[in-house]
Number of protein chains: 4
Amino acid sequence: MSPEWSDRPSSSAAGTGGEGEPEKRRAILRAAVEVFAEKGYQGCRIADVAKQAGVAYGLVYHYFRNKEELLESVFDQQWSIFITALRAIGERGGSAPEQLEEICRFAIDVFRNAPAAIRVLLLEVAHTPNTFRAGSTRETFEEAVEIVAGIVRRGKERGEVRVEVDPVVAAASLLGALELNLTGMLMGILGGTSEEEIERVKRGVIDLLFSGMTAR
Amino acid sequence: MSPEWSDRPSSSAAGTGGEGEPEKRRAILRAAVEVFAEKGYQGCRIADVAKQAGVAYGLVYHYFRNKEELLESVFDQQWSIFITALRAIGERGGSAPEQLEEICRFAIDVFRNAPAAIRVLLLEVAHTPNTFRAGSTRETFEEAVEIVAGIVRRGKERGEVRVEVDPVVAAASLLGALELNLTGMLMGILGGTSEEEIERVKRGVIDLLFSGMTAR
Amino acid sequence: MSPEWSDRPSSSAAGTGGEGEPEKRRAILRAAVEVFAEKGYQGCRIADVAKQAGVAYGLVYHYFRNKEELLESVFDQQWSIFITALRAIGERGGSAPEQLEEICRFAIDVFRNAPAAIRVLLLEVAHTPNTFRAGSTRETFEEAVEIVAGIVRRGKERGEVRVEVDPVVAAASLLGALELNLTGMLMGILGGTSEEEIERVKRGVIDLLFSGMTAR
Amino acid sequence: MSPEWSDRPSSSAAGTGGEGEPEKRRAILRAAVEVFAEKGYQGCRIADVAKQAGVAYGLVYHYFRNKEELLESVFDQQWSIFITALRAIGERGGSAPEQLEEICRFAIDVFRNAPAAIRVLLLEVAHTPNTFRAGSTRETFEEAVEIVAGIVRRGKERGEVRVEVDPVVAAASLLGALELNLTGMLMGILGGTSEEEIERVKRGVIDLLFSGMTAR
DNA sequence: GATGAATGAGGCTTCATTCAT
DNA sequence: CATGAATGAAGCCTCATTCAT
């Protein structure tokens, strides 16, 4: 769906978007996603990133001012990809249920290809130092919620969504439900990570959020 | 609802279970909850805990072998309180909707009284070192999901919950929706933390998960 | 030979010499010998001593001003026993060879009964902080050498010892040879610690120092 | 006799074996010998080593995993030099008395040039933590004893040494006698450290071990 | 006497960051 | 660009010592 989310290193010749961006800089960013996702902000060491990227220690500081800037780049990049996709889905048209389903599908697809990225997105939101959070994280998270809420809101206007539904709460609930189900899969609690399992969970979340639990 | 979750130090007479436990040990644990919640596992410094508890640095090591054991204690304690409450709700009888509503109410009440505790519970699940996670965290998280899933399952048997609902996915979604809504409130994104706001969010989550979004 | 060197705790009723000395104080001293011998000055922790003695932490400080004083007491006590014995042997009369043989026998007997004590005597001589060493250690060590040297010296006067022998060097050599042979046994290098082995080593050292290596 | 034992930093051209070894790494090792010898294993602080070597604190950890590895390196290096020399003497030929005399001369020469090294070799054998001791120390000490014992053994076969002499005991005695005489000199007990004094002690030890004390 | 909780300075170790090559 | 040695502040942990009971 979006090539940047693939874990496979793209061949250096192909201009994968960030045209003139040096090969090694991308390697560092890619490595940082992994390590950041694995260890969290505080547990992520520059040495680990460099080793994972296969570059020398000091090169990280050639491309990034310091640890904070590096990880903020990672964070922004990941969220920006995610938000771009959210926005695209929101603007693509279709009914609210269709759009929200698309979001679930997207999130879970990403998870299938790049679980590390998901962890960066969902798990670090509240765990970075204040200066960090105060920066882009908060706004970005807020924006994601707002996009989803907008979809719900428009769905209400069109009569596709019940009037009682609070758009912001619904948006947060959707994202939260996705997060914990994905976390559960990552931790090996909610079944494995086979295709069928993932598909089953995806359907389950969508069905629940659309139709609710209550028998009728 | 449960006095242990209050941030105020409970008078020693309160039969909380940890009866003969030294005063200062409890102070350390209480402080650790705060700092752990504020800074996360890696960012939490023993010096901060000691200062917050008003005890000398070394005393922390009198009661806990090391940082890991301290924070694991915090984690276990918080989860154990939470799970005890979950279990109590599950065994108290009533319909599945009533029980799940009770869980939401409990979670949000706790949040109102002790936001720090909630953060420890919900936000640190996946962010602790491996030895830590491998320990009780995984099982405990799993247990929480399983208790909620059990409520859903019994609801299905009684015809209160739609047969299409996957109990485990529903459980994870419920907890995830709660988490992200609470996180949003903590981060100041989903409105403030006034009584009415909290009440509104609580109703919103319950309504969404029970009735779904779809207009009929 | 001297009851104080036994590892067995003497019954509290028997006045073992230090008459009015409290039972627990002796237990601490006895424990300190063990731990000191096992870990050395720096590695010896008050907590270890207390545990080994079966007394409470703080009691050590009831009987001894601080760690230094405790260990110095241990050191002095052990050396004083050793030196008393040396002196007794020196004054008992007999030829120099007989006296030196007696010293070897004594040292090795002690080793058999209380290897810990020997280690305190022989192995810590040069490893304690300066203030410590500057205190009694140096003089005591010097005194031991001097006593043995005196025996050699008188042996020379009586024609039992070759005139070329330097008494002080001979004394240091005797004690050093004993030390390293005992150390070797402790480390399990020079055979085991069976009766016959010990006897064999004892004879070997005496024979070597008296008759030399040179074949005639 | 061997340039490595000199305290003066050897010019990089000297083919000492550790050719490409970084300058500062050697400085650290050299400093560690001093401090280790001065304070013993437990009393030796990394900060002291760094200061003595004139490098930053952290650099020690750039070259050595931790304190234990550093000091074990020191220990191994010193013993390895010593043992190499012992072996060379043993293989150089000559009668047993000549070889043993050579060993004494070597040991005492080394002492003259690098007293710190001798202390590391002789005084720390039994004072390091168990993991440490269990490692190379034991075997290395054992090897030193065995080399000297081999010389004695061959001396017996050639009739240069009395048949009654136990080679291992003789070896341990020789080394022990050297140790305590050197210790005595270090502590200022056995005369000073002037050339004549050293020479006198050397002769004394050799004479004693070869000819024994007994007047004939 | 006896106990063990409480204190805090000191040492080990890590790791972000800089710098010479 | 790229490397990795070098730096040192900061955090964890230990343990001698004190003190209230």
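Numbers restart at 1 for each chain; the letters A, B, ... are given by sequence-line order, proteins then strands. When reading the values below, keep in mind they use all heavy atoms of this one structure, side chains included, and skip hydrogens, waters and symmetry mates. Because the structure is a prediction, the values reported are computed rather than measured.
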Quiz item: Does D:His62 place a side-chain N or O at less than 4.0 Å from the phosphate oxygens OP1/OP2 of F:dA5?
Solution: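 For F:dA5, OP1/OP2 do have a side-chain N/O of D:His62 under 4.0 Å.
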Quiz item: Counting just side-chain N and O atoms, does D:Lys51 come under 4.0 Å of either OP1 or OP2 of F:dT7?
Solution: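 D:Lys51 to F:dT7 OP1/OP2: no side-chain N or O under 4.0 Å.
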Self-check item: Candidate nucleotides F:dT7, E:dA2, E:dT7, ranked by approach to the side chain of B:Leu59 - the nearest
Solution: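 Ranking F:dT7, E:dA2, E:dT7 by closest atom to the B:Leu59 side chain puts E:dT7 first.
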Quiz item: Which nucleotide in the set F:dC1, E:dT7, F:dA6 lies at the smallest distance from any side-chain heavy atom of B:Ala56?
Solution: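 The nucleotide sitting nearest to the side chain is E:dT7.
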Quiz prompt | Protein-nucleotide distance (A:Glu23, atom CD; F:dA2, atom C1'), rounded to Å | solution =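 Taking atom C1' of F:dA2 as the reference, CD of A:Glu23 is at 15 Å.
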Practice problem: Extract the stems that DNA chain E is part of, considering only consecutive pairing runs of at least three Watson-Crick or G-U wobble pairs, both distances under 3.5 Å. | Solution: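 The stems that DNA chain E takes part in, listed by first number, are E:2-21 with F:2-21.
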Quiz item: Of all residues at least two apart in sequence or in a different chain, which pass the side-chain contact (heavy atoms from CB on, under 4.5 Å) check with C:Ala53?
Solution: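 Per chain and number, C:Ala53 pairs via side-chain contact (heavy atoms from CB on, under 4.5 Å) with C:Ala27, C:Ile28, C:Ala31, C:Val55.
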Quiz prompt | Sequence neighbours excluded, every pair satisfying salt bridge (charged side-chain N to carboxylate O under 4.0 Å, His left out) that has a member inside residues 49-61 of chain C | solution =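 For residues 49-61 of chain C: none.
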Practice problem: Apply the side chain to side chain contact (heavy atoms under 4.5 Å, CB included) test between B:Cys44 and each candidate in B:Val74, B:Leu71, B:Leu70; give the one that qualifies. | Solution: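 Answer after filtering B:Val74, B:Leu71, B:Leu70: B:Leu71.
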Exercise. Would you mind classifying the nucleic acid contact of B:Tyr63 as base, sugar-phosphate or nothing, using non-hydrogen atoms under 4.0 angstrom?
Key: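 Answer is sugar-phosphate: B:Tyr63 comes under 4.0 Å of backbone atoms only.
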Beyond-backbone contact of [X] with [Y], side-chain heavy atoms, under 4.5 angstrom:
X	Y	value
B:Arg30	B:Arg26	yes
B:Gln52	B:Asp48	no
B:Lys39	B:Arg45	yes

Practice problem: Could you tell me how the ring of A:Phe36 sits relative to the ring of A:Tyr41: parallel (under 30°), tilted (30 to 60°) or perpendicular (over 60°)? | Solution: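 It falls in the perpendicular class, over 60°.
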Can I get a per-line list of side-chain donor-acceptor pairs under 3.5 Å for residues 58-65 of chain A, giving both atom names and the distance, sequence neighbours left out?
residue : atom : partner : partner atom : Å
A:Arg65 : NE   : A:Glu69 : OE1          : 3.4

Quiz item: How does each nucleotide of nucleotides 10-18 of chain E score, in 5' to 3' order, for protein heavy atoms under 4.0 Å: base (B), sugar-phosphate only (S), or none (-)?
Solution: -SBBBSBBB
